[in-house]
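Working notes for the structure below.
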Amino acid sequence: MTTTPKPRVRFAPSPTGLLHVGNARTALYNWLFARHTGGQFILRIEDTDLERSQASYETQLMEDLHWLGINWDEGPSWDGLPGEGDHGPYRQSERLALYAEYTERLLAEGKAYRCFCTQEELEAERTHATQHHGPHVYSGRCRSLSQDAIEQNLAAGKPYAVRLKIEDRPLRFHDMVRGSVEFAAETVGDPVLVRSAIGGAAGLSKNEAGGVPVYNYVVTIDDALMDITHVIRGDDHISNTPKQVAIYHAFGWPVPEFAHLSTILGPDRERLSKRHGATSISTFRQMGYLPEALANYLALLGWGAEDGKTETFTLAELVPIFSLERVTPSPAIFDFDKLNWLNRYYLKLADPERVAKLAERQFCQHRPDIFPLWSSSELYTAEALAVLASQDPPIHLNRPSNTLIALRKEWFARLLALFVPAVDHLDQLPAKAAPVLGFNPESARRDPENAAILAADSARSVLGELAGRVRTHSGFVTPDDFKEWMKEIQAATGIKGKELYHPARIALTGAHSGPDFDKIIPLIEQGTALALGITGVRERIEQFVGV
RNA sequence: GGCGCUAUCGUCUAGGGGUUAGGACGUGAGAUUCUCAAUCUUAAAACACGGGUUCGAUUCCCGUUAGCGCUACCA
């Protein structure tokens, strides 16, 4: 026995849509297996469905993989890089010419035969099978056609498909996730390898369809030609596998190992789809999920560490411990809550500057009235600087160039420090930060919970007292000022606790709950001073009470 | 209809002939706080059912049930 060669695995998506979490997980497991074993990870684009394939999807797909941290050793050229590897081409559409010679070989060796059956005849067989509770497989009628009959049909120009002769013995293969799997030959039937002109194929007219090889045939040849040793894919391919195994047998090629990954389901136990919310990688990205969170979650969905306890892994940590033997065969329900937990975890760990960049994009999209922050050319004033410096924590002017921008970045970093821990994913940030950025007084009053709080007599008194103090106050407001007011109002009215704070909080932030006043007030006043279009504390209370 | 795959807390899972069946998310309670989030502590929560095998099965075998997939000259 020679030493076992390094594994070669492939991820073979069709560019017919956005990369879906299920496929992404398949890609991830392939990648992890390759990296773990020191093997090769190959990307092959199955773009032969001319009708549905789009070049833009192909690009997006590669971008999504890249974003997740999955790179490939061989694959189509991308992003200016030439295609790598000596097993190309890596786009199936560029391989079409390859298959004919293999079909000739099978025909010549008598391992495949021409089938002249019409659609109607096949349909009739199927109905008959249903009536007799048998499997819906081809009877093999054209297997035993005499040479004369074949010549005659050919001469008559009858369209034909090419079918593989399935030998009458069980078709079994080894699955690294499920163990040995076996299919009886009679439940498989002689599969079509090459379509006839009557068959029709996606994107082709009936006449063009003649001679077009079928998916099961093409993948098998591609996998064999690319020296794929381990086929890791979704479990919807299990029933295709016996046909593929028969093709390997017919050519005398070594049968690879298989690993069929279970389906990912939605909370209702149906196959995960757009119906359940976000499912494509690019959507998760837009929503402000971190790639490491998604990759970690996907790794955990159907696989667990040996200790049964560790839950958080970087890709680098995953590589040495990942194994297909530990992959669970049962279907898994996609749990958005757990993904969110992981995302919060990684958000806490992530470099603040990186988070700031991602967050800024979200603000630009959702609050164009206030963001972008850094483009303004307005100058700061002496008063503004005073506000920045005297709040706690102060923002000091300490950079000679780009000063306003530097100050704003500092402010933004503090805003994020306050609100990022409160979100599951970054696109929730603009809404969460509304207490600082500003709010609509009317809709704040209309909120049912707010309305209930505001309806109380005590709330009216508090707001009246507060407005009075705001009016006589000059200059900006500090948390100490605010504390002082609350103390005075409590002394004057006897109102305290929630009855005191909730109305005040609504007047200031539009919501009855949120971060500490100590944090909010400096951010508001500093934001106002930085000309961010944020209404100051005094103004917003006056506005609110005046409504 | 046929064939195949699957079955441990609500969810993801660990485990494995004798265990207090472990962890995580989520949920409940408590601490903290005017409140929310975060954080910490804590609680509740599972071996689908029926037969075997066995001194003993959640674990092994067989059925049942349920879910899912394939059943095409789609990919």
Side-chain angles (χ1 to χ4, degrees), chain A residues 12-14 16 46-49 51-53 92 115 117 119 122 126 129-138 159-163 175 177-178 181-184 186-189 191-202 206 209-210 212-216 218-219 234-242 260 262-263 265 267 269-271 297 300-312 326 328-342 344 348 418-423 432 435 486 496-505 511-517:
Chain A
S14 316
T16 55
E46 314 229 313
D47 56 353
T48 40
D49 187 338
E51 212 164 58
R52 294 187 296 160
S53 293
Q92 207 165 67
C115 171
C117 291
Q119 293 295 66
L122 295 175
R126 226 168 287 139
T130 309
Q131 282 161 359
H132 294 263
H133 305 277
H136 295 188
V137 292
Y138 177 58
Y160 64 90
V162 178
R163 285 184 187 269
D175 189 305
V177 177
R178 292 151 215 274
V181 182
E182 186 178 300
F183 288 79
E186 62 268 27
T187 64
V188 177
V192 167
L193 262 23
V194 181
R195 294 183 186 91
S196 73
I198 59 164
K206 289 217 164 179
V212 176
V214 132
Y215 168 79
N216 277 314
V218 165
V219 252
D235 68 357
D236 47 335
H237 287 283
I238 291 180
S239 351
N240 286 329
T241 310
H260 287 103
S262 66
T263 322
L265 309 175
R269 304 198 154 270
E270 304 248 350
R271 214 194 180 102
Y297 180 68
L300 245 30
L301 198 60
W303 174 88
E306 218 171 332
D307 65 3
K309 289 188 164 66
T310 321
E311 306 268 339
T312 53
R326 292 191 62 79
T328 0
S330 51
I333 294 175
F334 194 90
D335 184 358
F336 288 89
D337 286 331
K338 188 145 187 179
L339 205 215
N340 286 343
W341 170 72
L342 276 169
R344 276 183 262 130
K348 256 173 265 170
L418 192 58
F419 291 108
V420 167
V423 301
K432 280 276 182 206
M486 297 319 268
K496 56 182 179 173
K498 289 184 192 181
E499 281 69 37
L500 173 63
Y501 280 93
H502 278 187
R505 186 179 275 285
H512 65 277
S513 67
D516 292 344
F517 289 112

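Note on naming: letters A, B, ... go to the chains in the order of the sequence lines (proteins, then strands), and numbering restarts at 1 for each one.
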With a 4.0 Å cut-off on heavy atoms, is [X] in touch with a base, just the backbone sugar-phosphate, or nothing at all?
X	answer
A/G234	nothing
A/L122	base
A/F517	base
A/N240	base
A/A332	sugar-phosphate
A/R505	base
A/K348	sugar-phosphate

Identify, between A/L265 and A/R126, the residue whose nearest nucleotide on RNA chain B lies closer to the 5' end.
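The residue closer to the strand's 5' end, by nearest nucleotide, is A/L265.
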
If I take atom [atom1] in residue [X] and atom [atom2] in nucleotide [N], what distance separates them, rounded to the nearest angstrom?
X	N	atom1	atom2	result
A/N340	B/G26	CG	P	9 Å
A/K309	B/A21	NZ	C1'	12 Å
A/R271	B/G67	CZ	P	16 Å
A/W341	B/A37	CH2	C1'	18 Å

A/D235 and A/T263: side chain donor to acceptor below 3.5 Å: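 Yes, side-chain donor-acceptor contact under 3.5 Å.
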
Identity of whatever pairs with [N] - Watson-Crick or G-U, under 3.5 angstrom:
N	value
B/A14	none
B/C60	B/G52
B/G26	none
B/C5	B/G67

Check if the side chain of A/H136 and the base of B/G1 share a donor-acceptor pair of N or O atoms closer than 3.5 Å.
->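 Counting by modelled atom types and ignoring angles, a donor-acceptor contact under 3.5 Å is found here.
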
Q) When only distance counts, do a donor and an acceptor, one from the side chain of A/S239 and one from the base of B/C3, lie under 3.5 Å apart? A)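 No.
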
| said: Taking B/U54 as the reference, what is the distance to B/C3 when you measure between their P atoms (whole Å, please)? | reply: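 Here B/C3 and B/U54 have their P atoms 31 Å from each other.
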
So how far is it from A/K338 NZ to A/L300 CG, rounded to the nearest 0.5 Å?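 CG of A/L300 is found 5.5 Å from NZ of A/K338.
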
What's the spacing between A/S262 OG and A/L301 CG if we round to 0.5 Å?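 Result: 7.0 Å between the selected atoms.
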
Return the set of residues passing side-chain hydrogen bond (donor to acceptor under 3.5 Å, both in side chains) with A/T328 (not counting sequence neighbours), or none when no residue passes.
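Per chain and number, A/T328 pairs via side-chain hydrogen bond (donor to acceptor under 3.5 Å, both in side chains) with no residue.
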
